[in-house]
There are 2 protein chains.
Amino acid sequence: MNNESNPSNFKVDKNQDNTLSGQTTIALREAIVTGKIKPGEKLNEPKLAEQYQVSRGPLREAIRRLVSMGLVEHIPHVGASVIPLELNRIIELYEVREALEGMAAGLAATHMNEQEIADLKKLLVIHRQHCENNAGEYMQTEGDFDFHYLIIKSSRNALLTQQLCNELYHLIRMYRFQTSRFKTRSNRALIEHEQLIYAIENRDPALAELLMRRHISRAKESIKSYLSTEDSN
Amino acid sequence: MNNESNPSNFKVDKNQDNTLSGQTTIALREAIVTGKIKPGEKLNEPKLAEQYQVSRGPLREAIRRLVSMGLVEHIPHVGASVIPLELNRIIELYEVREALEGMAAGLAATHMNEQEIADLKKLLVIHRQHCENNAGEYMQTEGDFDFHYLIIKSSRNALLTQQLCNELYHLIRMYRFQTSRFKTRSNRALIEHEQLIYAIENRDPALAELLMRRHISRAKESIKSYLSTEDSN
DNA sequence: CGCCACTTTATTGTCAACAATTAAGCTAAA
DNA sequence: TTTAGCTTAATTGTTGACAATAAAGTGGCG
């Protein structure tokens, strides 16, 4: 089997989740992150099973995985529901990010190799061009993710990477998606990224950690000031 | 119902998990933490279902929860197994702890009330007596846990608390249990705890964070020097 | 008219059988 | 003897039905 013109073993990746529960997890996750299923909404098992064309078994498993990602809350004998969108939860997430990504930046400054630094700089160039063309308006979206993603992976700490890139990542995405109506000026973010790379290049873990923490803390304060003025339900 | 001489609503706690999958999770978790199921060992579903007297459904759910706690690894179509006991994994865990508990200590210094500080001091008195009586030999076990637990809870950050006290907590316990043959001198830990309380009392978040991080970092270095000399499988 | 208890309904938790996939064992050919 | 391919066994993934629990609806009583 599997000899049908596939010389480079592409997509025969182990660890890939062909299972129904795995695919359902991804589908449900995206529906929640993009707001198709709204914050606070109840997750009805028979209805969702019908909707995603799976039986309740795999669906329940998918829901449990989303619970472990922090996207969903579950009460025994009552059911699961998407977490509500509350300001203090967002702040809590940013505090956790500040701690973890700060640590990651420090470790990255120690362990990053030349290739990874070059990749990081490439991202920065794209970011800079974007700022100049669009007068520093939006950006963020995926570009900022990639930047943080790369640094986290370079920390060489598998647990840290897993916590940030598999568990908390989608929670971050969800909050960002839901609050994307606030356009963040990315000139400042650009400058902060530049300083961070400088610290990493100079193998200065303490400075890298400090700058990353400040970077995230500022983003937190920004969101706080935006949302506290609204009557945030 | 429920009027049968239970005035204080004791144990009628919602959120309590009466379900089979919940109980199985706890049973399996303890078996892994205490080494009854050894690191690296495969988790055979039919065998464990028979052993714990449940069907495979709840058992699978329990296994998935342990995966989210980091105690178990799972590969699709192959199965789940207890994570192996490797030095670099332990170090990674201590780095994550350093970041998260450091943040928790800083937040605790801001938010802790007088009652909580008093409780913390009570723990310290017990710890000190223990040190004097037993010439500062072992301790740790549960006393140290309580100390950290109280500080984390006082951070008033639900996400942080959940990450540390529900997810990573049992992974810490497991590693500690497996490496408990190394008696840690707790005189130093006692002094570090005293300094930490001092910082919290004085509402000095920066110092509290620094001291907590140093406290955990030292524990990490201690374990590292112990295990690197052995031929750690 | 409002409140309490009971009945009904809907939803979650659990089970045992079936399907699909992987790993192990075996035979046969080089 | 080793290795490739096939066959068999064991294990995981999935399903639909059944049981237990909680929520919603209903009727009667104060």
Side-chain angles (χ1 to χ4, degrees), chain A residues 1-4 6 9 11-29 32 37-38 40-68 71-83, chain B residues 1-4 6 9 11-29 32 37-38 40-68 71-83:
Chain A
M1 68 181 78
N2 215 346
N3 282 351
E4 3 103 326
N6 190 355
N9 260 8
K11 209 178 175 184
V12 190
D13 194 4
K14 215 78 168 181
N15 246 7
Q16 175 187 342
D17 205 339
N18 295 323
T19 64
L20 273 183
S21 83
Q23 293 172 254
T24 308
T25 304
I26 295 173
L28 251 181
R29 196 221 305 153
I32 291 172
I37 305 177
K38 294 189 186 63
E41 191 173 333
K42 178 89 189 291
L43 297 181
N44 186 305
E45 291 182 5
K47 208 151 74 183
L48 287 172
E50 160 70 15
Q51 194 172 330
Y52 289 95
Q53 289 294 303
V54 290
S55 102
R56 277 181 57 220
L59 184 93
R60 281 170 65 88
E61 201 171 307
I63 289 177
R64 297 308 157 91
R65 292 201 213 175
L66 298 178
V67 169
S68 81
L71 290 174
V72 166
E73 284 175 337
H74 177 88
I75 301 170
H77 292 291
V78 175
S81 56
V82 179
I83 58 158
Chain B
M1 71 178 79
N2 213 346
N3 281 352
E4 3 103 327
N6 191 355
N9 260 7
K11 211 178 175 184
V12 191
D13 196 4
K14 214 78 167 181
N15 248 7
Q16 175 187 343
D17 206 339
N18 295 323
T19 64
L20 272 183
S21 83
Q23 293 172 251
T24 308
T25 303
I26 295 173
L28 251 181
R29 196 217 312 153
I32 291 173
I37 305 177
K38 294 189 186 63
E41 189 173 335
K42 179 89 189 295
L43 297 180
N44 186 304
E45 291 182 5
K47 209 152 71 182
L48 287 172
E50 160 70 16
Q51 194 171 332
Y52 289 96
Q53 288 293 302
V54 290
S55 101
R56 277 181 55 219
L59 184 93
R60 280 170 66 87
E61 201 170 306
I63 289 177
R64 296 309 157 92
R65 292 200 214 176
L66 298 179
V67 169
S68 82
L71 289 174
V72 166
E73 284 176 337
H74 176 89
I75 301 170
H77 289 133
V78 175
S81 55
V82 180
I83 58 159

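Chain A is the first sequence line, chain B the second, and so forth, proteins listed ahead of strands; every chain is numbered from 1. Quick caveat: nothing in here was measured; it's all calculated off a predicted structure.
- Distance A/Leu20 CG to C/dT21 P: 11 Å, rounded to the nearest Å.
- The nearest pair of heavy atoms linking B/Asn44 to B/Pro46 is OD1-CD, 2.8 Å.
- For the helix from C/dC1-D/dG30 to C/dA30-D/dT1, the angle separating the two terminal helix axes comes to 20°, with each axis derived from five pairs and the value rounded to 10°.
- In plain terms, the two heavy atoms of A/Pro76 and B/Thr19 that are nearest each other are CB-CG2, 4.4 Å.
- When all heavy atoms of A/Leu48 and A/Leu28 are compared, the pair lying nearest together is CD1-CD2, 4.4 Å.
- Residues B/Ile32 and B/Glu41 have side chains not in contact (no heavy-atom distance under 4.5 Å, counting atoms from C-beta outward).
- If you measure from atom CG of A/Leu48 to atom P of C/dT11, you get 11 Å, rounded to the nearest angstrom.
- Using a 4.5 Å heavy-atom threshold, the side chains of A/Val82 and A/Leu71 count as separate.
- Around NZ of A/Lys38, the count of heavy atoms belonging to other residues, nucleotides or ligands within 6.0 Å does not exceed 12.
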Are there any protein N/O atoms within less than 3.5 Å of an N/O atom in nucleotides 9-12 of chain D, and if so, which ones and at what distance?
residue	atom	partner	partner atom	Å
D/dT11	OP1	B/Asn44	ND2	3.0
D/dT12	OP1	B/Leu43	O	3.4
D/dT12	OP2	B/Glu45	N	3.4

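- Residues satisfying the side chain to side chain donor-acceptor pair (under 3.5 Å) test with A/Glu73, not counting sequence neighbours, are A/Arg89.
- A heavy-atom distance below 4.5 Å is found between the side chains of B/Ser21 and B/Arg65.
- As a whole-Å value, the separation of A/Lys47 NZ from C/dT12 P is 10 Å.
- When rounded to the nearest whole Å, the span between CD of B/Glu50 and P of C/dC15 equals 13 Å.
- Across all strands shown, A/Gly57 has heavy atoms under 4.0 Å from base atoms, whether or not it also approaches the sugar-phosphate.
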